[in-house]
Amino acid sequence: MPDPLKHHFLPIFYLKRWMRTADKKLVEYRKAFDGEVRVKSVYPAATGYVHRLYEMKGMAPAVAQEFESTFLAPVDSGAAQAMQLMLKYEHGDTLSTHHRQAWTQFLLSLEFRMPCDIRTLKTNVRDDWILSIPDMEARYSEFRRLGDPESLREFLDMQDSSVYEESAMSIAKRMITHENVSSTIRKMYWSIVSLESSDFELLTSDRPVLTTDQFNRSNSYIVLPIGPRHLFVSVFSRHHSNFLRRKTQTELARWVNLQITEGATELVYGRDDRQKSFVTRHLGISRPASHLERLQAFRRDRAAESK
């Protein structure tokens, strides 16, 4: 029986795509605190998780695990079905509206569910997501009750930590289900790219989604490895897919693996260890800011301008 406190930021169904037939394992490359890259074979269920990662600490046990059990679990279940359909028909644009939405939510979840994002969100939810709201101090003054502290910051300092835990996970859920962003992704052109002739197999990581900063520009794209030989590709403009089509399969695999590996936080995965030297040289050396980090920077700047 699955451990309900074992919260997978990389779902088991996804990592199984790199699982070897013989021993049902894949290779995990992990960058340790000393900078060394440790390599070992693991079962998909034995990696890509953190105990109680999405737990809302301080909440009643019945609700503390809700983000994992009632939100992410259905997201992952729907995405697993959508992925199998795309691989079966080797296309993304044939999906039903239901499965297209399921895959969209999965893509967005991968942008906001990683351990460093969740830790950052929980740590900074007060300053970057509550205090940064324009006119929040004025609104607090308007509704302040007798006996309440004079400033909003003092009021927030008095709140139990569970308030921020719940707020952080609520924000994560809103970002993953954001309708404007979801609608844009659903309207993009989706395809499955097979790399059977590539000299290299595809890798994945704890930052598996390659994407432009925005999704609604002519050069916008979303790329996600969905196995050693398959890529999910979404483009806003069909013409922009030419930047991928101009590459040979080996060139495309090399480009994806370099972005995936350099942008990883701690973990990279492959079917085997044949790319050990490559991963060791590149793991995490050039990680771009995540969507969450960019959002928080934007909110800080906006708050500073309003003062």
Side-chain angles (χ1 to χ4, degrees), residues 7-20 25-51 53-54 72 76 79 106-121 172 176 195 198 200-213 221-233 251-297:
H7 296 173
H8 283 266
F9 51 90
L10 289 171
I12 296 172
F13 86 86
Y14 177 70
L15 291 177
K16 276 185 175 181
R17 291 286 298 152
W18 280 265
M19 187 174 69
R20 299 186 294 269
K25 293 182 178 182
L26 72 161
V27 167
E28 173 198 275
Y29 301 90
R30 182 184 294 269
K31 195 165 192 175
F33 290 114
D34 60 6
E36 293 295 316
V37 175
R38 312 282 197 265
V39 185
K40 65 178 180 178
S41 288
V42 295
Y43 291 106
T47 187
Y49 73 89
V50 172
H51 274 286
L53 175 61
Y54 308 117
L72 279 185
D76 293 345
F106 177 62
L107 291 173
L108 287 174
S109 80
L110 293 177
E111 291 286 85
F112 295 106
R113 69 194 284 178
M114 298 301 149
C116 59
D117 287 328
I118 297 301
R119 286 193 293 266
T120 297
L121 190 54
I176 292 169
L195 301 180
S198 171
F200 309 105
E201 290 191 342
L202 293 167
L203 304 167
T204 192
S205 75
D206 54 7
R207 286 291 178 193
V209 182
L210 306 181
T211 178
T212 46
D213 290 350
Y221 64 81
I222 302 171
V223 173
L224 173 69
I226 54 173
R229 296 289 178 179
H230 290 90
L231 274 178
F232 168 81
V233 177
E251 288 172 343
L252 182 55
R254 184 185 289 114
W255 176 79
V256 170
N257 285 348
L258 186 63
Q259 308 304 312
I260 286 286
T261 305
E262 290 191 346
T265 301
E266 181 184 1
L267 292 162
V268 169
Y269 298 94
R271 177 150 48 187
D272 52 46
D273 64 358
R274 281 183 287 182
Q275 300 189 67
K276 178 180 177 180
S277 178
F278 171 84
V279 174
T280 301
R281 290 198 311 272
H282 294 282
L283 203 162
I285 66 171
S286 182
R287 188 178 76 83
S290 69
H291 276 282
L292 177 67
E293 289 166 338
R294 291 196 296 271
L295 278 171
Q296 291 196 159

Please report the interatomic distance [atom1]([X]) to [atom2]([Y]), rounded to the nearest 0.5 Å.
X: Leu107; Y: Ile176; atom1: CG; atom2: CD1; result: 11.5 Å
X: Phe200; Y: Gln275; atom1: CZ; atom2: CD; result: 7.0 Å
X: Thr280; Y: Arg38; atom1: OG1; atom2: CZ; result: 11.0 Å
X: Met114; Y: Leu53; atom1: CE; atom2: CG; result: 9.5 Å
X: Ile118; Y: Phe112; atom1: CD1; atom2: CZ; result: 10.0 Å
X: Ser198; Y: Leu231; atom1: OG; atom2: CG; result: 9.5 Å

Which atom names give the shortest non-hydrogen contact between [X] and [Y], and what distance separates them?
X: Leu195; Y: Ala253; answer: CD1-CB, 4.1 Å
X: Cys116; Y: Thr265; answer: SG-OG1, 4.1 Å
X: Leu72; Y: Ser109; answer: CD2-CB, 4.3 Å
X: Pro208; Y: Ile260; answer: O-CD1, 3.2 Å

In terms of ring plane angle, is the pair Phe278 and His282 parallel, tilted or perpendicular, where the classes change at 30° and 60°?
-> tilted
Please tell me if the side chains of [X] and [Y] come closer than 4.5 Å, counting only heavy atoms from C-beta onward.
X: Thr211; Y: Val223; value: no
X: Leu203; Y: Pro225; value: no
X: Leu267; Y: Ser205; value: no
X: Asp76; Y: Arg113; value: yes
X: Arg207; Y: Asp117; value: yes
X: Arg294; Y: Asp213; value: yes
X: Trp18; Y: Glu201; value: no

Taking the six-membered ring for Trp and the full ring for Phe, Tyr or His, determine whether the centres of His230 and Phe232 are under 6.0 Å apart.
->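 No.
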Centroid-centroid distance, Tyr14 to Tyr269, less than 6.0 Å | no
Counterpart residues, side-chain hydrogen bond (donor to acceptor under 3.5 Å, both in side chains), relative to [X] (two or more places apart):
X: His7; answer: Gln65
X: Arg30; answer: Glu28, Glu266
X: Asp272; answer: Arg274

Return yes if some donor-acceptor pair links the side-chain N/O of His8 with the main-chain N/O of Ala46 below 3.5 Å, else return no.
->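 No; zero donor-acceptor contacts below 3.5 Å.
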Heavy-atom donor-acceptor pair, Lys276 side chain to Val39 backbone, under 3.5 Å | no
Does atom OH of Tyr43 have more than 12 heavy-atom neighbours from other groups under 6.0 Å away?
->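 No, the 6.0 Å shell around OH holds no more than 12 heavy atoms from other groups.
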Please check if atom NZ in Lys16 has more than 12 non-hydrogen atoms from other residues, nucleotides or ligands closer than 6.0 Å.
-> no
Under 3.5 Å side-chain donor-acceptor pair for Arg20 and Ser41 | yes
Are side-chain N/O atoms of Tyr29 and Thr261 paired as donor and acceptor at under 3.5 Å?
-> no
Test side-chain contact (heavy atoms from CB on, under 4.5 Å) on Leu210 and Ile222 and set out the steps.
-> CA-CA 6 Å; Leu210 306 181; Ile222 302 171; over 6 Å; no
